[in-house]
Amino acid sequence: MTFKTILFETTGGVAKLTLNRPEKLNSFTPEMLGEVRQALDQVAAPASGVRSLLLTGAGRGFCGGQDLGDRAVRADGATPDLGRSLDSWYNPIILALRRLDLPVVCAVNGVAAGAGANLALACDIVLAAKSASFIQSFCKIGLVPDSGGTWILPRLVGMARATALAMLGDRIEASQAEAWGLIWKVIDDDQLADRSLALACQLADMPTRGLALTKQALQAAATNGLPRQLDLERDLQRRAGQTKDYREGVDAFLGKRPPHFQGC
Ligand code: LHQ
């Protein structure tokens, strides 16, 4: 399948999705949203062979959020239904990323604004170039943080910082984002591409089912109390214990050799 607004390739179990409208800082048009969705569907397909996903942006930005060029008030004064945009595109993409049964690495190569910032934060492990930044720019145009922003920000950085980020729309540098726990790590600009790919490859060689079950458990912890979470860990661990990769991990440990995981 060929795409116009994204680059998408799969090599050795790693799928790489690059947002590719660099002249507009990879801001989202309906076409790009549709292509991202299609690519995620391909990654999620049972026979895809994909064991990790790397998401990044082309050029100097990661993603400027919704393309505001599409949102100018029309000549007839009608305003677009933003709720419908969220229902049709943004929300399914965020949920698809969270529900993918494999780890998703985001390499934030430059500014991530609005829905672009929250797309990055929906990924499992977020790396950012030293020069990258995060902006909850919604408040500057009268909107509410969407694409999961109001859900993930307080969970990552606490309510005080989440509120200020959402209400002020300040630009947060990558180093600040790392210090606050908004992202995993800052990487020198010239090393981001290599280091993020290496991380995606490392994850693709790991026990994919176990990582997918871990992802499920961590996400459920956001809403579960401890007793329910303990039950969930029991159920997921039971499933993890039935995988070939668990047997391989134990055999390799006892045999004092490196494991070779198949992802099942
Ligand atoms: C853009 C954009 C952009 C168009 C850069 N649109 N052109 C909303 C509605 C509907 C439903 C769902 O949810 C949403 C969620 C949202 O995402 S709302 C938030 C939308 N995004 C923003 O408000 C951010 C707007 N962009 C900016 O504030 C700046 O461009 C940032 C801070 C991201 C980067 O600033 P600079 O580094 O100074 O770059 P720049 O502003 O010069 O941008 C470079 C080009 O990219 C420029 O085009 P031009 O033709 O003038 O060179 C920008 O117009 C274009 N661009 N973001 N969202």
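Please read all numbers here as calculations on a predicted model, not as lab measurements. Every number for a ligand or one of its atoms is a count from 1 in the order of the listing.
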Checklist line | Atom indices of ligand 1, in the order listed, that fall short of 4.0 Å to a heavy atom of G65 | finding: 17 (O)

Item checked: For ligand 1, the portion of A115 having any non-hydrogen atom under 4.0 Å away -> both

Next item on the list: Would you mind listing which atoms of ligand 1 come within a distance below 4.0 Å of any non-hydrogen atom of L86?
Entry: 12 (C), 13 (O)

Notebook entry, point to check: What about L68: any of its N or O atoms under 3.5 Å from an N or O on ligand 1?
Noted result: yes

Notebook entry, point to check: If only atom types and distance count, is the side chain of S52 paired as donor or acceptor with the main-chain N or O of P103 below 3.5 Å?
Noted result: no

Item checked: Pair K130 + E178, salt bridge at N-O below 4.0 Å -> no

Note to self: I want to confirm something. Looking only at heavy atoms, which of L119, D81, L25 is nearest to atom 43 (O) of ligand 1?
What the structure shows: L25

Next item on the list: For Y246, look at atom OH and say whether over 12 heavy atoms of other residues, nucleotides or ligands are found less than 6.0 Å away.
Entry: no

Check: Does L100 belong to the same Ile/Leu/Val/Met/Phe/Trp/Tyr cluster as L236, with side-chain heavy atoms less than 4.5 Å apart forming each link?
Finding: no

Note to self: So that I can tick it off, tell me whether R228 and D231 are bridged by a salt bridge, with the cut-off set at under 4.0 angstrom between side-chain N and carboxylate O.
What the structure shows: no

Note to self: Just to verify, which of L197, I187, V108 counts as forming a side-chain contact (heavy atoms from CB on, under 4.5 Å) with L192?
What the structure shows: I187

Margin query: Please say yes or no: joined through hydrophobic side-chain contacts below 4.5 Å, possibly via intermediate residues, are L211 and V104 part of one cluster?
Written below: no

Notebook entry, point to check: Any idea which atoms of ligand 1 are less than 4.0 Å away from a heavy-atom of I135?
Noted result: 32 (C)

Note to self: Using a 3.5 Å distance criterion without hydrogens, assess whether the side chain of D146 forms a donor-acceptor pair with backbone atoms of A115.
What the structure shows: no

Next item on the list: Using a strict cut-off of 4.0 Å, indicate which atoms of ligand 1 neighbour a heavy atom of L82.
Entry: 9 (C), 10 (C)

Note to self: Using a 3.5 Å cut-off on N or O atoms only, is L143 in polar contact with ligand 1?
What the structure shows: no

Next item on the list: Select one of side chain, backbone, both or neither to describe which atoms of F28 lie under 4.0 Å from any atom of ligand 1, heavy atoms only.
Entry: neither

Next item on the list: Out of E23, Q66, R84, indicate the one that has the non-hydrogen atom closest to atom 9 (C) of ligand 1.
Entry: Q66

Next item on the list: Ignoring hydrogens, just give me the one of K140, K24, Q136 whose non-hydrogen atom is nearest atom 48 (O) of ligand 1.
Entry: K24

Next item on the list: Answer side chain, backbone, both or neither: which part of D146 comes under 4.0 Å from ligand 1, heavy atoms only.
Entry: side chain

Note to self: Under a plain distance cut-off of 3.5 Å, with no hydrogens placed, do E35 and T5 share a side-chain donor-acceptor pair?
What the structure shows: yes

Note to self: At less than 4.0 angstrom from any non-hydrogen atom of R171, what atoms of ligand 1 do you find?
What the structure shows: 32 (C)

